[in-house]
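Below is one structure, written out as structure tokens; comments come after it.
Computed from heavy atoms alone, side chains included, the values below leave out hydrogens, waters and symmetry copies.
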Amino acid sequence: EVYKGDKWDDVCISHIDHTACCFAPTTQISLANQTTQTVQELGKGTTLLAINLETNETFASKVELTTNQRHLSLLEVKTASHQISITADHPLYIKGQGFISLARLRNQKKLQDWLALTETSVQVMVYEEETGKTVFETIETIKKVEGDFNTYTILSISKGATYVANGFVNKIY
């Protein structure tokens with residue numbers, strides 16, 4: 001919003017929201033009732049499955065705030081049993097690193113492209129519904145897809161900070 005000040009007519013930025021949109025609209029968020037719902041359909045009060053990474057226990061947490069925005073590229077990330085489309089700056093839980101974006105990890109390793117990152121045996125944390133446990137799987141492919149994409153993310157949940165999207169462990173920020 002822009003409104004005239006008491007002293008000056010100029011525009012000044014007084015607040016910036018970090019939106020951090022991350023997922024393709026078809027991304028499936030694990031709910032507490034053992035079903036899933038697309039991230040674009042989530043609403044305030046939706047009860048999702050949250051995880052305490054210290055104890056590996058799951059619990060119910062309610063969505064408090066979501067957001068969406070447009071991006072011009074996404075990364076399709078695949079492991080042996082999971083796939084997700086995310087923005088390059090979206091953090092995933094990487095073994096030995098914690099939550100870090102693939103873009104930051106690639107820069108940290110001084111790699112030129114996404115293929116080079118997959119050749120370093122990067123392992124990402126995923127949630128196995130059958131066992132109710134988190135495990136690490138090696139990222140097999142990362143493919144950059146260009147286009148005009150609506151993306152969505154969860155900005156706030158009522159309890160905890162970690163949840164599951166397409167089987168990948170994610171965190172609110």
* To do: Check whether any side-chain heavy atom of Val63 sits under 4.5 Å from a side-chain heavy atom of Lys44, and report yes or no.
  => no

* Using a 4.5 Å cut-off on heavy atoms from C-beta on, say whether the side chain of Phe149 contacts that of Thr87. => no

* Looking only at non-hydrogen atoms, find the nearest pair between Ala88 and Ser101 and report the distance. => O-CB, 3.5 Å

* **Residue list, side-chain hydrogen bond (donor to acceptor under 3.5 Å, both in side chains) with Ser30, at least two apart or on another chain** => none

* From CA spacing to verdict: side-chain contact (heavy atoms from CB on, under 4.5 Å), Tyr152, Thr27 -> CA-CA 9 Å; Tyr152 299 81; Thr27 302; over 6 Å; no

* **Residue pair His82 / Val124, side-chain heavy-atom distance below 4.5 Å** => no

* Tell me, do Ile142 and Leu115 make a side-chain contact under 4.5 Å, heavy atoms counted? -> no

* Check whether any side-chain heavy atom of Ile29 lies under 4.5 Å from a side-chain heavy atom of Tyr163, and answer yes or no. => yes

* **N/O donor-acceptor pair under 3.5 Å between Asn166 side chain and Gln83 backbone** => yes

* Asked: Once the angle between the rings of Tyr93 and Phe136 is folded into 0 to 90°, is it parallel (under 30°), tilted (30 to 60°) or perpendicular (over 60°)?
  -> tilted

* Indicate yes or no: at least one non-hydrogen side-chain atom of Leu102 is less than 4.5 angstrom from one of Ile139. => yes

Result block: side-chain N/O donor-acceptor pairs under 3.5 angstrom for residues 103-110, not counting sequence neighbours:
{"unit_1": "Asn107", "atom_1": "ND2", "unit_2": "Ala103", "atom_2": "O", "d": "3.4"}
{"unit_1": "Gln108", "atom_1": "OE1", "unit_2": "Gln97", "atom_2": "NE2", "d": "3.2"}

* Asked: Can you name the nearest heavy-atom pair linking Leu117 to Val122, along with the distance?
  -> O-CG2, 3.6 Å

* With distance as the sole criterion, is a donor-acceptor pair present between the side chains of Thr35 and Asn33 under 3.5 Å? -> yes

* Which of these passes side-chain contact (heavy atoms from CB on, under 4.5 Å) with Ile172: Leu65, Ile154, Thr162, Thr153? -> Ile154

* Asked: Can you find a pair of side-chain heavy atoms, one from Asn56 and one from Lys133, that are under 4.5 Å apart?
  -> yes

* **salt bridge (charged side-chain N to carboxylate O under 4.0 Å, His left out): pairs with one or both residues in residues 137-155, sequence neighbours excluded** => Arg70-Asp148, Lys144-Glu146

* Asked: Does a side-chain heavy-atom distance below 4.5 Å link Gln28 with Thr38?
  -> yes

